[in-house]
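Per chain, numbering begins at 1; letters A, B, ... match sequence-line order. Reckoned from all heavy atoms, side chains included, excluding hydrogens, waters and symmetry mates.
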Amino acid sequence: MERPLRRQPGQDPHGQLSDPDLPAVIRDRREKLRRLREAGVEPYARSFERTHTTAQARALLGERVQVAGRLVARRGMGGMAFADLQDGAGRIQLVARRDRLGEAAHAAFLDLDLGDIVGAEGTVFTTKKGEVSVDLDRVPLLSKSLRPLPEKWHGLKDVETRYRQRYLDLISNPESRAVFEKRTRVIGAVRRLLDERGFLEVETPILHDIASGGHARPFTTHYNALDRDFFLRIALELHLKRLIVGGVERVYEIGRTFRNEGISPRHNPEFTMLEVYQAYATYEDMMRLTEDIIVAAAEAAGTSLTTSYQGEDIDFTPPYRRETMRDLVLELTGRDLAGNELDDAFETEVQPQLRQPTFVLDYPVEISPLARRRADDPRFVERFELIIAGREHANAFTELTDPIDQRERFEQQAAARAAGFEEAHPFDEDFVTAMEYGMPPTGGLGIGIDRVVMLLTDQPAIRDVLLFPQLKEAPRQG
RNA sequence: GCCCGCGUAGCUCAAUUUGGCAGAGCAGGGGACUCUUAAUCCCAAGGUUCACGGUUCGAGUCCGUGCGCGGGCACCA
């Protein structure tokens with residue numbers, strides 16, 4: 001019978017005080033917590049009256065402030081000690097002087113650990129060396145930290161820990177925090193742009209009884225009350241187009257979408273999509289809208305239109321190059337193709353070479369069952385993808401509005417599925433019914449928000465722009 | 001699912017090439033220090049080298065299997 005290698009956290013806290021499997025740095029903290037409680041100190045305060053953030057306090061020389069945050073560095077000098085306090089707005093130096101605080105409070109300050117959450121009450125001043133600081137009168141402990149922080153100078157490097165324990169990444173790596181703040185600002189800017197143009201933001205179902213709107217393997221779940229399998233949505237498209245039929249002429253949704261596929265630096269099983277539909281618009285209008293969205297997003301992220309991604313110069317200045325898929329393949333391979341052959345040749349031989357923003361136009365009808373055919377050549381549809389740095393960032397069509405054609409396209413997809421293409425588009429009878437009531441001419445656009453954020457924040461992997469990316473189960477608890 | 005690489009102290013990294021006592025910095029412990037800011041100085045401590053098995057007198061190092069992470073491929077018509 002083997003004894004457990006490590007105990008799970010949360011059980012028998014007193015037993016853990018002497019748990020020989022725990023690192024000494026953690027045992028020491030627990031012991032200190034016990035001593036504090038014995039001395040009558042409550043190590044987890046109910047609240048603290050914070051009057052200013054560290055950023056606000058910096059501008060208030062000579063004034064009394066109450067700031068609060070995490071202790072992230074300390075430099076003891078005996079009778080005078082320094083520490084850095086970090087809050088959501090930044091950092092400020094704390095200065096503890098024995099002759100001002102008194103012996104007991106000064107000793108208590110020196111007894112604090114890096115990682116502790118404290119309040120800091122005192123007067124803002126500038127040290128002889130020019131550092132804006134708080135001259136402490138009081139430093140109440142607000143929350144005792146029982147685990148050591150990552151290395152103060154190098155930060156947290158281990159990528160697995162950064163993803164699994166994102167809070168440590170956010171505490172120790174300010175540049176990581178900045179990426180997520182930019183992500184939020186990008187999404188806000190996109191919303192603002194669309195709202196200003198009269199688009200209505202909506203929420204459509206995530207649980208679908210048909211996984212339609214794209215080519216992808218869905219996640220399956222089970223609805224007990226209906227005793228029926230459901231799917232997590234793989235796209236937003238068909239519900240939003242039902243709203244177009246319903247007279248919501250400008251509509252969009254920003255939402256999580258799920259695809260049951262491999263994980264890679266560019267794919268996470270759940271990701272954020274923007275889909276926009278505009279009645280009486282075409283895919284040319286969607287190209288201009290896409291350009292406007294990219295420009296607004298870059299501005300929100302604080303990224304210049306002429307920038308670089310992973311060392312490669314990228315110019316986001318519109319208008320972007322517009323070329324048909326057929327011409328691009330012809331130009332780069334010398335072959336004039338159509339249908340699936342064209343798409344295959346494009347993906348393997350052309351797309352990786354498209355580095356600057358490029359609208360690739362007019363896809364084969366076979367792989368585009370929801371898009372309108374070109375009037376001059378019905379083998380192709382009015383569709384574009386926006387390729388930047390070799391990757392797809394947007395996908396848009398002049399939407400198919402002919403219910404008879406739509407039914408035939410779905411039937412072709414059903415035949416493909418019967419022939420073994422598991423990801424072929426399923427037949428959505430209810431959607432065809434909606435279209436039969438009459439759908440106005442419409443342009444539609446989908447943008448992969450995560451990938452746009454990757455581009456604008458120069459992050460190499462989609463995991464770096466997702467707070468909690470999908471990982472396998474951790475091998476053990478530490 | 002397949003191929004390649006990686007896994008050493010709480011954190012950041014050495015030692016792996018060529019098998020020979022597992023080391024440093026930070027953090028933590030003890031001490032000195034009233035203008036430091038990667039503070040400095042002195043002392044002591046800290047390890048199931050991812051796990052299990054094998055080869056060997058001897059394995060962090062070589063071999064096998066498993067787990068996790070990273071990259072590539074497949075999937076993403």
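- Considering only side-chain N and O atoms, K472(A) lies under 4.0 angstrom from the phosphate OP1 or OP2 of G68(B).
- Within 4.0 Å (heavy atoms only), R162(A) reaches no atom of the nucleic acid at all.
- Dashed line: the shortest gap from a side-chain N or O of R75(A) to OP1 or OP2 of C41(B) is not under 4.0 Å.
- No engagement by R91(A) is indicated, since no non-hydrogen atom pair under 4.0 Å with the nucleic acid exists.
- Checking R74(A) against G214(A), the closest nucleotide of RNA chain B that is more toward the 5' end is the one next to R74(A).
- Taking only side-chain nitrogens and oxygens, R259(A) never comes nearer than 4.0 Å to OP1 or OP2 of A77(B).
- Classification of the F410(A)-F427(A) ring pair by plane angle, with boundaries at 30° and 60°, yields tilted.
- For E341(A), the CD atom is loosely surrounded, since the number of other residues' heavy atoms within 6.0 Å does not exceed 12.
- Note: H208(A) and H239(A) have tilted aromatic rings, judged against thresholds of 30 and 60 degrees for the angle between ring planes.
- At the heavy-atom level, L156(A) lies under 4.0 Å from the strands shown only through sugar-phosphate atoms.
- At the phosphate of A27(B), OP1 or OP2 sits under 4.0 Å from a side-chain N or O atom of K152(A).
- Minimum atom distance to the side chain of A416(A) is reached by A77(B), of the listed A77(B), C69(B), A27(B).
- The residue among R98(A) and N340(A) whose nearest nucleotide of RNA chain B lies closer to the 5′ end is R98(A).
- Under 3.5 Å, the side chain of H154(A) and the base of C11(B) form no donor-acceptor pair of N or O atoms.
- Across all strands, E131(A) comes closer than 4.0 Å to base atoms (heavy-atom distances).
- Contact annotation: side chain of E261(A) to base of A74(B), donor-acceptor pair absent below 3.5 Å.
- The gap from the C1' atom of C52(B) to that of A15(B) amounts to 24 Å, rounded to the nearest Å.
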For this session: Starting at the 5' end of nucleotides 1-9 of chain B, put B wherever the base has a protein heavy atom under 4.0 Å, S where only the sugar-phosphate does, and a dash everywhere else.
Result: ---------
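- Side chains of D362(A) and T324(A): a donor-acceptor N/O pair is absent below 3.5 angstrom, by distance only.
- Using cut-offs of 30° and 60° on the angle between ring planes, the pair H215(A) and H425(A) is perpendicular.
- At least one side-chain nitrogen or oxygen of R164(A) sits closer than 4.0 Å to the OP1 or OP2 atom of C69(B).
- Between R97(A) and C35(B), a side-chain N or O to OP1/OP2 separation shorter than 4.0 Å is absent.
- G155(A) comes within 4.0 angstrom of sugar-phosphate atoms only, judged by non-hydrogen atoms across all strands, and of no base.
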